Amino acid sequence: MNERDGRMSGPSGVRAGLQAAVLGSPIAHSLSPALHLAAYASLGLDWSYRAIEVTEQALPSFLAGLDDSWAGLSLTMPLKECVIPLVTSVDDEARHLRSVNTVLPVGGGWRGSNTDVYGITESLTRAGVGEAPVTATVLGAGATARSAVAALGRLGAQEVVVCARRPEAAREVVALGEVLGVHVEPATLDPSEKLVTADVVISTLPGDAGAPWADIARSARGVLLDASYHPWPTPLAGAWQGMGIASGRDMLLWQAVEQVRLMAGLEPAPAVMSAALPA
């Protein structure tokens, strides 16, 4: 029995009957419930997980109403940055990135963490990135691009070029690289031969916004991670002739795998979670 609430414990002493959710706005399209519920079922947990529409304005009151029945939260846009001052503590990496996508109960409060970086790192590794890729190109300079730079740092990339439409956004990513120990060079968001020669290319652009690079992609030699996943393939991914390709679905899967680990303290089955995603 659980001494705190009288409920039976689950596998390995994990509390039974807990709940979790993904928050954001809009949120109805989220695939996170399918991933988490598949993981819980395979682990023998009777936990619930649902998508809840929460705006930036409503987030403080939502967090204030949480009790000890919550195992954690997943966050999507526009909540990843505005949650930071609302939680008790934030992991260093998430603070540097200004991006929290996971909230966990800790010591009577809440801790903000980031599993997007793990999701990107694992997706690239499984797509064929070897040890210490030398060069990388990132298209875009928003929140996903910041996580991409952190992931490239974990992989040991030595030279990262960030292509951005807004120079000030690129400068922010360059400054982040300095904090993380990753050398980042800014560039304009124009089709560039950097795409052909880079060991890794990460596109954080929406939908078909990467189409101008499609012709160059036919001569690419590295690994592509295209953060989009609907519709798929994107023009960029469809033209890619390099070593391997990963999509936003891969990122979503692996960041969710890490979230389940953090929330439940158990090792989920990625294959079971992946099979739960709609075709």
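Everything numeric here is computed off the predicted structure, so don't read it as measured data.
Hydrophobic clustering (side-chain heavy atoms under 4.5 Å, transitive across Ile, Leu, Val, Met, Phe, Trp, Tyr) groups Val260 together with Leu45. Met243 and Trp240 fall into different hydrophobic clusters, defined by Ile, Leu, Val, Met, Phe, Trp and Tyr side-chain heavy atoms under 4.5 Å apart, directly or through other members. Hydrophobic clustering, with ILVMFWY side chains joined whenever heavy atoms are under 4.5 angstrom apart, keeps Val117 apart from Val90. Both Leu59 and Trp70 sit in one connected hydrophobic cluster of ILVMFWY residues. Membership requires side-chain heavy atoms under 4.5 Å apart, directly or through other members. Under the 4.5 Å side-chain contact rule for hydrophobic residues, Leu266 and Leu262 share a cluster.
The two residues Gly112 and Val100 come nearest to each other via the heavy atoms CA-CG1, 3.7 Å. In terms of heavy-atom proximity, Ala276 sits nearest to Ala34 at CB-O, 3.6 Å. Between Ile120 and Ala151, the shortest heavy-atom distance links the atoms CG2-CB, 3.5 Å. Between Ala198 and Thr137 the shortest heavy-atom distance is CB-OG1, 3.7 Å. Leu225 and Ser123 make their closest contact through CD1-CB, 4.4 Å (heavy atoms, listed as atom of the first residue, atom of the second, distance). In terms of heavy atoms, Gly119 sits closest to Trp254 at CA-CB, 3.8 Å.
Of the possible donor and acceptor atoms, none in the side chain of Ser228 sits under 3.5 Å from a partner among the backbone N and O of His230. Side-chain N or O atoms of Asp46 include one that pairs as donor or acceptor with a backbone N or O of Gly17 at under 3.5 Å.
Leu23 contributes atom CG, which lies 9.5 Å from atom CZ of Arg50 (distance to the nearest 0.5 angstrom). The line from CD1 of Ile27 to CD1 of Ile52 is 9.5 Å long, rounded to the nearest 0.5 Å. Summarising the geometry, atom CD belonging to Glu56 is positioned 10.5 Å from atom OG belonging to Ser25; distances are rounded to the nearest 0.5 Å. With rounding to the nearest 0.5 Å, the separation of CG in Leu104 from CG in Leu73 is 8.5 Å. To the nearest 0.5 Å, the span separating NE2 on His29 from CG on Leu31 amounts to 7.5 Å. With values rounded to the nearest 0.5 angstrom, Gln241 atom CD is found 14.0 Å from Ile216 atom CD1.
Leu277 places a side-chain heavy atom less than 4.5 Å from the side chain of Leu35. Using a 4.5 Å heavy-atom cutoff, the side chains of Pro268 and Met273 are in contact. For the pair Ile245 and Asp226, the minimum side-chain heavy-atom distance is 4.5 Å or more. Looking only at side-chain heavy atoms (C-beta outward), Leu253 and Glu122 stay at 4.5 Å or farther from each other. Looking at heavy atoms from C-beta onward, Trp47 lies in side-chain contact with Met263 at the 4.5 angstrom threshold.
Aromatic ring pairs are classed by plane angle as parallel below 30°, tilted from 30° to 60° and perpendicular above 60°; the pair Tyr49 and His36 is parallel.
Other residues sharing the hydrophobic cluster of Val272, ordered by chain and number and joined by side-chain separations under 4.5 Å: none, the residue standing alone.
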Which pairs of donor and acceptor atoms, one on a side chain in residues 153-168, lie under 3.5 Å apart (sequence neighbours left out)?
from   : atom 1 : to     : atom 2 : distance (Å)
Arg154 : NH2    : Glu93  : OE1    : 2.7
Arg166 : NH1    : Glu168 : OE2    : 3.2

Which donor-acceptor pairs under 3.5 Å do the side chains of residues 79-89 make with protein atoms, sequence neighbours left out?
from  : atom 1 : to     : atom 2 : distance (Å)
Lys80 : NZ     : Asp116 : OD2    : 2.8
Glu81 : OE2    : Arg98  : NE     : 3.2
Thr88 : OG1    : Trp110 : N      : 3.0

Determine all donor-acceptor pairs shorter than 3.5 Å in which one atom belongs to a side chain in residues 199-214; sequence neighbours excluded.
from   : atom 1 : to     : atom 2 : distance (Å)
Asp199 : OD1    : Arg221 : NH1    : 3.2
Asp199 : OD2    : Val134 : N      : 2.8
Asp199 : OD2    : Thr135 : N      : 3.0
Ser203 : OG     : Leu205 : N      : 3.4
Thr204 : OG1    : Leu139 : O      : 2.7
Trp213 : NE1    : Asp190 : O      : 3.4

Would you please test Arg126 and Asp250 for side chain to side chain contact (heavy atoms under 4.5 Å, CB included) and show each step? CA-CA 9 Å; Arg126 290 173 181 273; Asp250 298 304; over 6 Å; no

Asp91 vs Arg111, test: salt bridge (Lys or Arg N to Asp or Glu O under 4.0 Å). Steps then yes/no. CA-CA 7 Å; Asp91 294 349; Arg111 173 169 65 91; 3.0 Å; yes

Can Thr234 and Tyr229 be said to form a side chain to side chain donor-acceptor pair (under 3.5 Å), step by step? CA-CA 8 Å; Thr234 63; Tyr229 61 82; over 6 Å; no

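Within the structure, side-chain hydrogen bond (donor to acceptor under 3.5 Å, both in side chains) contacts touching residues 266-279 (residues at least two apart or in different chains) are Arg261-Glu267.
Side chains of Gln259 and Ser74: a donor on one and an acceptor on the other come within 3.5 Å. Gln255 and Thr115 share a side-chain donor-acceptor pair at under 3.5 Å.
For the side-chain contact (heavy atoms from CB on, under 4.5 Å) test, residues two or more places apart in sequence or in another chain that qualify with Ala58 are Val54, Thr55.
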